[in-house]
Amino acid sequence: MNDSHSNKQNTIEQVKSSALETTQRLSNQVLISGKLTNALSHQSFDVIHPGDLSVIGSAPMCTEADVNAAVESAETAFHKWKKVPARDRGRMLQKAADYVEKNSVLLEQVLALDTGNAIRTQARPETASSIDLLRMFGGLAGELKGETVPSGNSQVLQYTTRDPIGVIAGIIPWNAPLFLFVAKIAPAIAAGNTVVIKTAEQAPLCVLLMAEMINTELPAGVLNIISGFGEQCGKPLVQHPAIRKVTFTGSLEVGQAISGYVAPKLCPVTLELGGKNPSIVMADADLELAVPGIIDGMRYTRQGQACTAGSRVFIHESIYDQVIDGVVKKLAEIKLGNPLDEQTDMGAIISAEQFKRTLDYMEIAKKTPDARILFGGNCPTDAYLSRGYYYPPTLLDGLSLESRLCQEEIFGPIATVLPFSKFDEMIDAANNTPYGLAANLWTRDLSRALEYIDRIEAGFVQVNQCVAPRSNVSYGGLKMSGLGKEYALDSMLNHFTCSKTVLINPGTPNQNL
Ligand code: ADP
């Protein structure tokens with residue numbers, strides 16, 4: 001027993017030390033003009049592994065000078081890249097996907113180290129789905145076509161083009177950094193644009209590693225990566241005059257700020273923002289699906305750090321206790337632990353700030369007179385887990401719909417349960433937030449399901465299942481959850497191209513020829 005425990009520890013340590021070689025190598029680097037290089041800014045910040053708070057490397061705190069260098073690199077590359085035939089651009093992305101796939105073990109290790117997400121349940125599947133998304137957009141490059149429009153005059157030719165926009169800025173968060181990185185760059189690059197990405201300060205190294213791999217198949221300057229903070233680096237990037245399109249995933253507040261920064265130059269923005277999503281269990285639901293569905297939907301194994309987390313669980317009062325019993329039994333099986341351990345289901349919360357946020361919301365819950373902690377609700381006391389930002393999956397009830405826990409996006413492993421008796425009241429309650437991202441319903445009644453689909457204010461709606469957003473399935477929010485959809489063909493066509501409408505009147509033929 002002791003031997004197998006120490007063998008396991010050795011394996012985890014070996015994985016960590018080999019991934020650390022890479023994070024150290026990538027430290028203090030940006031990717032500009034096709035090369036990893038030192039940033040112009042001499043300041044940097046530590047990158048922390050949230051599992052044990054060790055420093056795994058550092059990243060440059062880029063400012064305007066680095067922004068300018070990255071945008072200039074992308075602008076120079078754009079003039080040639082836009083002339084490369086679309087299917088050739090796509091083939092390069094597909095070769096890049098093959099290369100990343102060959103090196104995916106290292107990538108998933110660095111992802112787990114950077115984010116604290118568990119390697120088996122999160123980092124490996126995220127790496128695989130990011131490769132899939134990259135490959136998919138490579139294949140879709142041939143779909144960049146305009147339309148012809150019939151005219152009243154058979155002599156007049158009317159058509160539209162689909163052209164690259166220019167240099168695109170992407171700002172990404174830390175919660176699914178690889179997938180969101182690819183969701184920005186792959187459609188943009190396939191469509192003939194060049195890109196500057198600002199990574200999230202909490203998880204910059206995994207993205208830089210994947211970018212380094214993809215860059216091996218692209219001309220220099222097509223893909224540029226800088227790191228740093230929002231005001232110092234993100235703001236000058238989106239405001240740069242050469243940036244003609246911004247794509248952002250993150251919080252509502254920052255999304256609103258970015259829209260404001262770029263409004264004077266009439267620069268289009270795609271925004272993937274937050275959610276406070278309902279998971280609804282009707283009285284006739286198949287509980288074999290609904291009980292694990294609530295847990296999957298809450299993304300507990302990503303510490304609840306997902307925009308789509310179904311953090312408000314509405315359960316019909318007739319099956320309330322039964323469903324809660326089922327969910328609590330399954331939550332007890334979730335193993336919290338070292339993100340690099342293959343046995344771990346749920347890793348660590350990304351940062352001190354997010355950890356504190358979870359604790360603060362729990363303080364509110366603990367001070368609410370009727371609130372009950374159905375599961376979790378306290379930091380683990382285990383020696384290893386107390387070294388990092390670990391918090392158990394937590395389920396609460398007894399909170400009112402108006403409670404901050406039922407209105408605000410916690411982005412931590414806390415879900416609240418609310419009983420309901422009437423479908424109409426439940427739909428009103430489910431819609432009662434500023435957000436409109438995802439919604440999940442479990443029922444065997446098809447007519448109810450169709451009514452729910454019609455009335456629910458959400459952009460990503462599921463019935464009797466709750467899978468994470470994926471390649472080829474268009475994803476985006478309504479209301480304050482965003483602007484535009486990503487992950488599928490329409491993302492590339494609608495958000496990363498511009499169009500000319502052309503009308504040609506050939507005139508009269510030259511009779512002398
Ligand atoms: P989260 O709460 O998930 O960290 P944020 O919206 O704060 O989400 O951050 C998402 C991304 O937006 C990060 O890369 C962050 O550095 C960047 N960011 C934050 N503030 C700004 C800003 N004022 N301008 C541009 N980018 C910003």
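Numbering of ligands and ligand atoms starts at 1, following listing order.
Of all the atoms in ligand 1, the ones that sit under 4.0 Å from a non-hydrogen atom of G250 are 6 (O). Which parts of ligand 1 touch I258 is read off a 4.0 Å heavy-atom cut-off, strictly below it: atoms 25 (C), 26 (N). In summary, the atoms of ligand 1 found under 4.0 Å from a heavy atom of S251, numbered by their order in the structure, are 5 (P), 6 (O), 7 (O), 8 (O). With ligand atoms numbered from 1 in the order given, ligand 1 contributes 11 (C), 13 (C), 14 (O) to contacts under 4.0 Å with heavy atoms of I172. Applying the 4.0 Å criterion to heavy atoms of E231 picks out, from ligand 1, the atoms 23 (N). Near W174, meaning under 4.0 Å from any of its heavy atoms, are these atoms of ligand 1: 1 (P), 3 (O), 4 (O). Within ligand 1, the atoms closer than 4.0 Å to a non-hydrogen atom of K235 are 24 (N), 25 (C), numbered from 1 in the order shown.
With respect to the salt-bridge test (charged N to carboxylate O, under 4.0 angstrom), the residues R120 and E342 do not qualify.
By the salt bridge (Lys or Arg N to Asp or Glu O under 4.0 Å) test, K95 is found to be paired with E217, residues two or more places apart in sequence or in another chain being considered. Shown here are the side chain to side chain donor-acceptor pair (under 3.5 Å) partners of D360, two or more places apart in sequence or in another chain: K356.
There is a protein heavy atom closer than 4.0 angstrom to atom 8 (O) of ligand 1.
To the nearest 0.5 Å, atoms CD1 (I185) and CG (L134) are separated by 6.0 Å.
Ligand 1 does not have F411 within reach: every non-hydrogen atom of the residue lies 4.0 Å or more from it.
The aromatic rings of F179 and Y487 sit perpendicular to each other, their planes meeting at more than 60°, with 30° as the lower class boundary.
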For the pair E126 and R302, evaluate salt bridge (charged side-chain N to carboxylate O under 4.0 Å, His left out) and give the outcome as yes or no after the intermediate values. CA-CA 11 Å; E126 184 186 336; R302 209 197 296 155; 5.5 Å; no
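Nearest heavy atoms, S73 versus I32: CB-CG2, 3.7 Å. C307 and N277 get closest at one heavy-atom pair: O-ND2, 2.7 Å. Taking each heavy atom of L396 and L374 in turn, the nearest pair found is C-CD1, 4.0 Å.
Looking at atom 23 (N) of ligand 1, its nearest protein heavy atom turns out to be Y261 OH, 2.9 Å. Of all protein heavy atoms, the one lying nearest to atom 17 (C) of ligand 1 is I171 CG2, 3.6 Å. E201 OE1, 3.5 Å is the protein heavy atom nearest to atom 15 (C) of ligand 1.
The closest heavy-atom contact to atom 19 (C) of ligand 1, among the options P236, G170, G230, comes from G230.
For ligand 1, none of its N or O atoms has an N or O atom of T249 under 3.5 Å away. In terms of N/O distances under 3.5 Å, ligand 1 is not approached by Q354.
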